[in-house]
2 protein chains.
Amino acid sequence: MVSGNTVAEIASLLGDAARANMLSALMGGVAMTAGELAQVAGVTAQTASGHLAKMVESGLLAREKQGRHRYYRLASGEVAQLLDALMLVAANAPARHRPLGPRDDALRRARSCYDHMAGRLAVALSDAVQARGFLILEEGVGLLTEEGERFFAAFGLTLRPPRSGTRPLCRACLDWSERRMHLAGQLGAALFDQCLARGWVARIPDSRSLRISRAGELGFARHFGLAEDWDRPARPGEWRGMQPASPA
Amino acid sequence: MVSGNTVAEIASLLGDAARANMLSALMGGVAMTAGELAQVAGVTAQTASGHLAKMVESGLLAREKQGRHRYYRLASGEVAQLLDALMLVAANAPARHRPLGPRDDALRRARSCYDHMAGRLAVALSDAVQARGFLILEEGVGLLTEEGERFFAAFGLTLRPPRSGTRPLCRACLDWSERRMHLAGQLGAALFDQCLARGWVARIPDSRSLRISRAGELGFARHFGLAEDWDRPARPGEWRGMQPASPA
DNA sequence: GCGATGCTTCGGCCGAGGCCGAAATGTCGA
DNA sequence: TCGACATTTCGGCCTCGGCCGAAGCATCGC
């Protein structure tokens, strides 16, 4: 099995706590220096350097030199999707020991996921635009309606025009913390950009968490009609969404 | 980073050659006994047993007892998608040493991918139904047109009815060997089932490869209008499809 | 029951690989 | 050119985990 060994090689790179922490941090979507990554991984600079070299060589990371710093970022969207799939499986793994600190709750509330948003905020936004008939999410896949196209255009998003005679499609991504679908693909990325540009959300340095500004709270409520209690964590057993959690 | 460690735990399970080979084999979509898996992994029964126990405990595999055999299968579609994402990244990793035997070429021609088909055949079928306007693939996502719905219904596929007022959506999956999109999701699964039922393709025991019967060759040509040369491996640089290989 | 077969548990061996200290290389600012 | 800082290379230590032989359970056919 030719691919078996290559698969194992790549996977074993993800299978080390230090490297996994680096990659998780880079899922935030911003490039980081070797030193910063050493810190998030909790190892010395020289150890981190070795890890980073391996990941670059295997095509997981891209390196960019800038002065005496080296910036690292995920090499491609495919790597980001791999990490996403991995986090989803990991999050659903048998409970074991879950520290689940306050830091973790911030991540569950709103975080960046490579080029789009994830967490309760992202799920609430997806629900809201679905409820208003702007978007249909189904089977990990989204379809923008005609009204939805107008709505997002009015919001300032520019989307690549779809194949003639159809509505634009977008990817939907199963949120590992919420087990619910949220917007991804080009629509998700454009939405994230616009929210950043408006100052509704901001990246928190050295973290994947997002801070939601006062303007953001108002804006999400006014423009998207987010319910008052969108930020309340779902109670166990409560079913706020429409999609089943998982395909067969 | 709470999820970092869990992520590393899961990934390190995939990061061993023996386990990766077992999981690759199970991507074929059929359950296998512990003994068979030991064989594909190239280890003794007792070693395999240990590996399998770990993977069941972590939620990667499901075990089913049947007489004195234990059958193992992937625990969920999410695990299958994780493996798929991993194979895609692995396949695009820097060349290194590629044995690339005849066995590998059979895989590239037609194989099962958990619940649907992959390889050149699957890509050619996707291309064909797209060319005839039955389906639109875009950004990892597919949309069935009205004619497409009729076409697949006439072919014998029963699809879950879509949300009212829309066409059915389906997932598209980036083929690791062809770097092109192929049909996945419920449509891909239903299509695979139907092809198996008609005897157009058959699973090759202990392999993910699929055998295409004479009836299949005729059927694919007649019903789907597959070109004569669909099975010719793409020449380097040649671009037969319409989708770019990868999003940003 | 009894042996054959499939699978698992136990114990010990051993190699791969992560870790750090020390030192080398590169780059910036003065 | 020099010192400070970011990063990498080298070398040696040490733990973790995969591997197998032997033995222990379970199940089937007789």
Side-chain angles (χ1 to χ4, degrees), chain A residues 1 4-26 30-58 60-73 96 205-206, chain B residues 1 4-26 30-58 60-73 96 205-206:
Chain A
M1 191 82 40
N5 281 333
T6 315
V7 162
E9 261 170 59
I10 297 293
S12 72
L13 286 176
L14 314 183
D16 171 81
R19 284 190 296 253
N21 282 330
M22 295 179 180
L23 290 165
S24 277
L26 291 173
V30 290
M32 298 175 75
T33 68
E36 290 171 326
L37 288 167
Q39 190 162 14
V40 304
V43 294
T44 60
Q46 59 273 33
T47 301
S49 176
H51 286 315
L52 291 166
K54 280 183 198 174
M55 291 193 281
V56 167
E57 194 193 3
S58 316
L60 252 40
L61 296 185
R63 169 165 37 200
E64 216 161 319
K65 211 171 154 175
Q66 204 165 108
R68 52 182 161 178
H69 297 282
R70 305 260 167 109
Y71 280 90
Y72 292 86
R73 57 179 174 78
R96 300 176 54 79
D206 295 338
Chain B
M1 191 80 42
N5 281 334
T6 316
V7 162
E9 261 171 60
I10 297 292
S12 72
L13 286 176
L14 314 183
D16 171 80
R19 283 190 296 252
N21 282 330
M22 293 178 181
L23 290 165
S24 278
L26 291 174
V30 290
M32 298 175 74
T33 68
E36 290 169 327
L37 289 166
Q39 189 162 15
V40 304
V43 295
T44 59
Q46 60 271 35
T47 301
S49 176
H51 287 315
L52 292 167
K54 282 183 197 174
M55 292 194 280
V56 168
E57 195 192 3
S58 316
L60 253 38
L61 296 186
R63 171 167 33 201
E64 215 161 319
K65 212 172 153 174
Q66 206 166 106
R68 52 182 163 179
H69 297 281
R70 303 261 167 111
Y71 280 89
Y72 292 86
R73 56 181 175 79
R96 298 176 54 79
D206 294 338

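Quick note: numbers below take in every heavy atom, side chains included, and nothing from hydrogens, waters or symmetry partners.
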Side chain of [X], backbone of [Y]: donor and acceptor closer than 3.5 Å?
{"X": "A:Thr47", "Y": "A:Val43", "result": "no"}
{"X": "B:Arg19", "Y": "B:Leu13", "result": "yes"}
{"X": "A:Ser49", "Y": "A:Ala45", "result": "no"}
{"X": "B:Ser12", "Y": "B:Glu9", "result": "yes"}

Side-chain N or O of [X] closer than 4.0 Å to phosphate OP1/OP2 of [N]:
{"X": "A:Lys65", "N": "C:dT27", "result": "yes"}
{"X": "B:Arg19", "N": "D:dG18", "result": "yes"}
{"X": "A:Arg70", "N": "D:dT8", "result": "yes"}

Spacing of NE2 belonging to A:His51 relative to CD belonging to A:Gln46, to within rounding of 0.5 Å: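 One finds 11.0 Å between NE2 of A:His51 and CD of A:Gln46.
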
Expressed as a whole number of angstroms, how long is the span from [X]:[atom1] to [N]:[atom2]?
{"X": "B:Tyr71", "N": "D:dT27", "atom1": "OH", "atom2": "C1'", "answer": "14 Å"}
{"X": "A:Leu13", "N": "C:dG18", "atom1": "CG", "atom2": "P", "answer": "8 Å"}
{"X": "B:Glu57", "N": "D:dG17", "atom1": "CD", "atom2": "P", "answer": "13 Å"}
{"X": "A:Met55", "N": "D:dT7", "atom1": "CE", "atom2": "C1'", "answer": "15 Å"}
{"X": "A:Leu14", "N": "C:dG18", "atom1": "CG", "atom2": "P", "answer": "12 Å"}
{"X": "A:Met22", "N": "C:dG18", "atom1": "CE", "atom2": "P", "answer": "11 Å"}
{"X": "B:Arg63", "N": "C:dG6", "atom1": "CZ", "atom2": "P", "answer": "18 Å"}
{"X": "B:Leu61", "N": "C:dC7", "atom1": "CG", "atom2": "P", "answer": "14 Å"}

Of the listed nucleotides C:dG18, D:dT8, C:dG26, the one nearest the side chain of A:Ala34: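 Selected nucleotide (nearest to the side chain): D:dT8.
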
Residue met sooner reading DNA chain C from 5', once A:Ala18 and A:Gln66 are mapped to nucleotides: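 Closest to the 5' end, via its nearest nucleotide, is A:Ala18.
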
Of residues 36-54 of chain A, the positions that come close to DNA chain D - non-hydrogen atoms, cut-off under 4.0 Å: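 Within this stretch, A:Ala45, A:Gln46, A:Ser49 sit under 4.0 Å of the strand.
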
Any N/O donor-acceptor pair, A:Arg68 side-chain to D:dT7 base, under 3.5 Å: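 Counting by modelled atom types and ignoring angles, no donor-acceptor contact under 3.5 Å is found here.
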
Touch class at under 4.0 angstrom, heavy-atom based, for B:Thr33 against every strand present: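 Here B:Thr33 touches the backbone only, sparing every base.
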
Sugar-phosphate, base or nothing in reach of A:Tyr72, heavy atoms under 4.0 Å: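 Sugar-phosphate, backbone atoms only, no base.
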
Short N-O contact, B:Glu64 and B:Arg73, less than 4.0 angstrom: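 Salt bridge between B:Glu64 and B:Arg73, a charged N being under 4.0 Å from a carboxylate O: yes.
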
A:Tyr72 vs A:Thr33 side-chain heavy atoms within contact, under 4.5 Å: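 A side-chain contact is absent here, since even the closest heavy-atom pair is not under 4.5 Å.
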
